[in-house]
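Following: one structure in structure tokens, then a few remarks.
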Amino acid sequence: MSALQFPVGEALTLGVELELQILSRRDYDLVRGADDLLSLAARTTHPGDIKPEITASMIEVSTGVHRDHAGLLAELRGIRDALARMAERLNLALAGGGAHPFQHWSERTIYDTPRFRHLSELYGYLAKQFTVFGQHVHVGCADGDQAMYLTHALARYVPHFIALSAASPFYQGVDTAFDSARLNSIAAFPLSGRAPAFASWAAFEAHFAKLRDLGLVESMKDFYWDIRPKPEYGTIELRVCDTPLTVERAAALAVYVQVLCRWLARERPFEPGEDHYLTYGYNRFLACRFGLEAELTDPLSGARVRLRDDVRDTLRGVAADAAALGAGEALAEIGACLAGGNDARWMREFAAGRSLADLMREQSRRWSYSAPA
Amino acid sequence: VLRALGVPPLPATLAAAVGLSTSPAVVTHLAAELRAQGQLTERLRLFTALNSGYAVLALAMLFAWLNAEYAGDPLSVVLHPLYLLCASFLVAVIATGLLHAALRLLGRTAQLEAALICGCVVLVVAVAEALAASLLLATLTFGALTRNTLADARVLTGDFGLVGLLSNLLLFALSGAWLAFPDGGTAWIAALAFVLARLGGKVAGAAALAVQGGITLRKGVLTGIALAPMSTLALVLVHDTVASYPALDPAFGATVLAGVALMQLVGPLLTHGTVVAAGEAER
């Protein structure tokens with residue numbers, strides 16, 4: 001069996017991973033709390049999975065496999081509540097958000113596992129700068145070919161997810177003018193950005209085998225692409241979202257991916273190729289920089305459209321799929337984000353006239369107490 | 001333990017009260033030097049603050065016993081400790097009120113806040129001294145009130161840079177010079193027993209709270225050991241007590257001072273070792 005064989009599985013299942021910030025309650029800076037938190041989690045009954053991340057001030061939580069919004073949101077709230085209780089016992093705070101606003105990357109410590117040590121040796125200071133916090137959404141695919149189609153078709157909507165989730169306007173103590181500064185930290189990695197356009201799983205397997213023979217990659221984990229197939233799980237994984245400030249927003253974003261995938265797989269509205277990627281990099285930059293106010297360029301027609309309007313049009317187009325998946329509440333949350341602004345906007349408004357430590361304290365409150373399970 | 005070694009009850013109890021304290025200067029300096037972070041470090045800071053507060057309070061309470069023993073005036077037995085508590089608390093409350101009023105009047109910036117806090121500390125010390133209240137109790141109360149009543153998350157940094165390092169060295173040298181080493185082996189045996197009993201108590205206390213508090217038993221034991229340092233604070237407590245009651249049994253001063261001498265040398269090493277063993281020093 002090939003290492004990259006894509007299992008035949010249930011399409012449109014859903015799973016979420018969230019990277020969270022571990023904060024000191026004294027000054028709301030990042031703190032090396034992962035070890036103590038993981039040690040306590042290992043001795044406590046809790047839903048979901050809790051794992052270390054590359055530096056000791058980060059922690060990653062992940063859900064099981066879900067089919068709809070209600071189940072996903074219930075588990076995310078359960079994980080959030082369990083973790084909040086553990087953090088409180090240890091006098092730590094947890095928060096969402098794509099980047100800590102005033103931490104200094106040089107003060108971070110690599111979490112001590114063989115893989116993270118290897119990454120630190122390979123990437124040098126980039127590894128510590130990787131202390132940014134993202135949401136990854138997994139959507140189940142029927143087979144490898146469908147995974148390749150969805151990987152490339154979904155790329156058209158990457159700016160939507162960047163702008164809707166954007167929650168990293170401050171970095172290293174300054175306002176970056178970006179809504180999502182987090183993705184700039186990932187761009188430095190050699191295997192980041194978009195996946196090369198292959199139409200079939202067999203073609204992608206051959207590409208992977210070549211890179212592996214050249215010694216550049218060992219597994220799919222070595223690709224930091226915005227969207228990557230994940231054959232171990234039988235999913236594609238969207239990785240561009242900042243971790244939102246609440247689990248409610250995180251669940252809504254995941255369900256928006258699911259609804260889009262259903263529509264794309266069912267309608268196959270276009271066959272993606274290299275031409276579709278002509279404006280990918282620039283549109284992606286605009287979404288990071290201007291959020292929902294970005295003006296996107298269609299690579300084929302050259303038409304320009306406001307990102308906010310493009311999301312609205314898309315939501316109307318997928319209404320039938322949303323109804324079939326019971327996604328009404330989730331897409332209402334997306335609509336609320338369009339109307340009220342993304343997390344980056346809220347963060348800027350809150351921080352005006354206050355300290356960034358105050359902002360982090362409020363972010364941790366929003367994370368822990370947004371709505372009890 | 002001290003009673004078993006023949007130390008009378010009052011000096012033994014006073015020594016136990018002083019022994020509650022852990023040196024804040026040594027703990028703060030070591031945590032900054034090792035850039036330590038984690039549950040042991042957090043609890044070390046917290047217990048150091050709490051235990052030092054308890055030590056000051058316990059001694060203030062024991063002044064009742066001292067008054068009963070040496071002053072003979074039944075009224076002062078109750079009134080002196082009560083005066084110490086109330087006057088110190090009042091000075092701290094007034095200083096906190098002044099700080100808030102000044103901040104409201106002048107607007108808040110980080111530098112101004114730091115300068116005003118320093119000014120208020122000087123004020124608290126001066127007024128407490130003038131009123132013959134407890135300096136330590138007044139400053140501790142002022143610190144706690146300020147930390148908990150300032151509405152936002154701004155705090156003074158725990159890293160005081162080169163000036164902090166030099167002050168710590170100076171403090172170490174001064175407190176070393178202050179120590180009068182007792183003659184004869186008995187005081188040293190009592191001091192060693194005092195130090196070991198104190199360490200046992202700290203380890204037992206921290207370990208008992210460990211699992212309930214969400215950390216492992218090992219980390220609890222290490223936290224107890226890390227609380228070993230005794231230094232200037234203990235010396236000041238002894239000095240204040242002896243100065244107020246010159247007739248006090250010299251066993252108290254001799255035992256505690258010899259204990260402080262031991263812990264001034266060994267304590268920082270124990271704290272350093274435990275922080276490293278817990279994996280909380282920056283790698």
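These numbers come from a predicted model, not from an experiment. The chains referred to below are lettered A, B, ... by the order of the sequence lines, with proteins before strands, and numbering in each begins at 1.
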Quick one, [X] and [Y] - any side-chain contact, counting heavy atoms below 4.5 Å?
X: L90(A); Y: E42(B); value: no
X: Q37(B); Y: L30(A); value: no
X: S39(A); Y: I215(B); value: no

Show the numbers, then the answer: is there a side chain to side chain contact (heavy atoms under 4.5 Å, CB included) between N91(A) and R43(B)?
CA-CA 10 Å; N91(A) 197 31; R43(B) 282 153 209 245; over 6 Å; no

Enter the distance from R45(B):CZ to R26(A):CZ here, rounded to the nearest 0.5 Å.
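CZ of R26(A) is found 4.5 Å from CZ of R45(B).
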
Atom pair CG/NZ of D35(A) and K219(B) - distance to nearest 0.5 Å:
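D35(A) atom CG to K219(B) atom NZ measures 6.5 Å (nearest 0.5 Å).
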
For atom CZ of F116(A), decide whether the heavy atoms of other residues, nucleotides or ligands shown that lie under 6.0 angstrom number more than 12.
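Buried by this count: over 12 neighbours within 6.0 Å.
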
Counting only heavy atoms from other residues, nucleotides and ligands, does the tally under 6.0 Å from OH of Y54(B) exceed 12?
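12 or below, so no.
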
Quick check on R43(A) against chain B: is it the side chain, the backbone, both or neither that has a heavy atom closer than 4.5 Å?
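Looking at R43(A), just its side chain touches chain B.
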
Between Q212(B) and chain A, with a heavy-atom cut-off of 4.5 Å, which part of the residue counts as in contact: side chain, backbone, both or neither?
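It is the backbone, since no side chain atom gets that close.
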
Heavy-atom closest contact (E280(B) atom, R32(A) atom, distance):
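So the two residues come closest at O-NH2, 3.0 Å.
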
Among V31(A), L37(A), T44(A), residue most engaged with chain B (heavy-atom pairs, under 4.5 Å):
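Top count of heavy-atom pairs under 4.5 Å with chain B: V31(A).
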
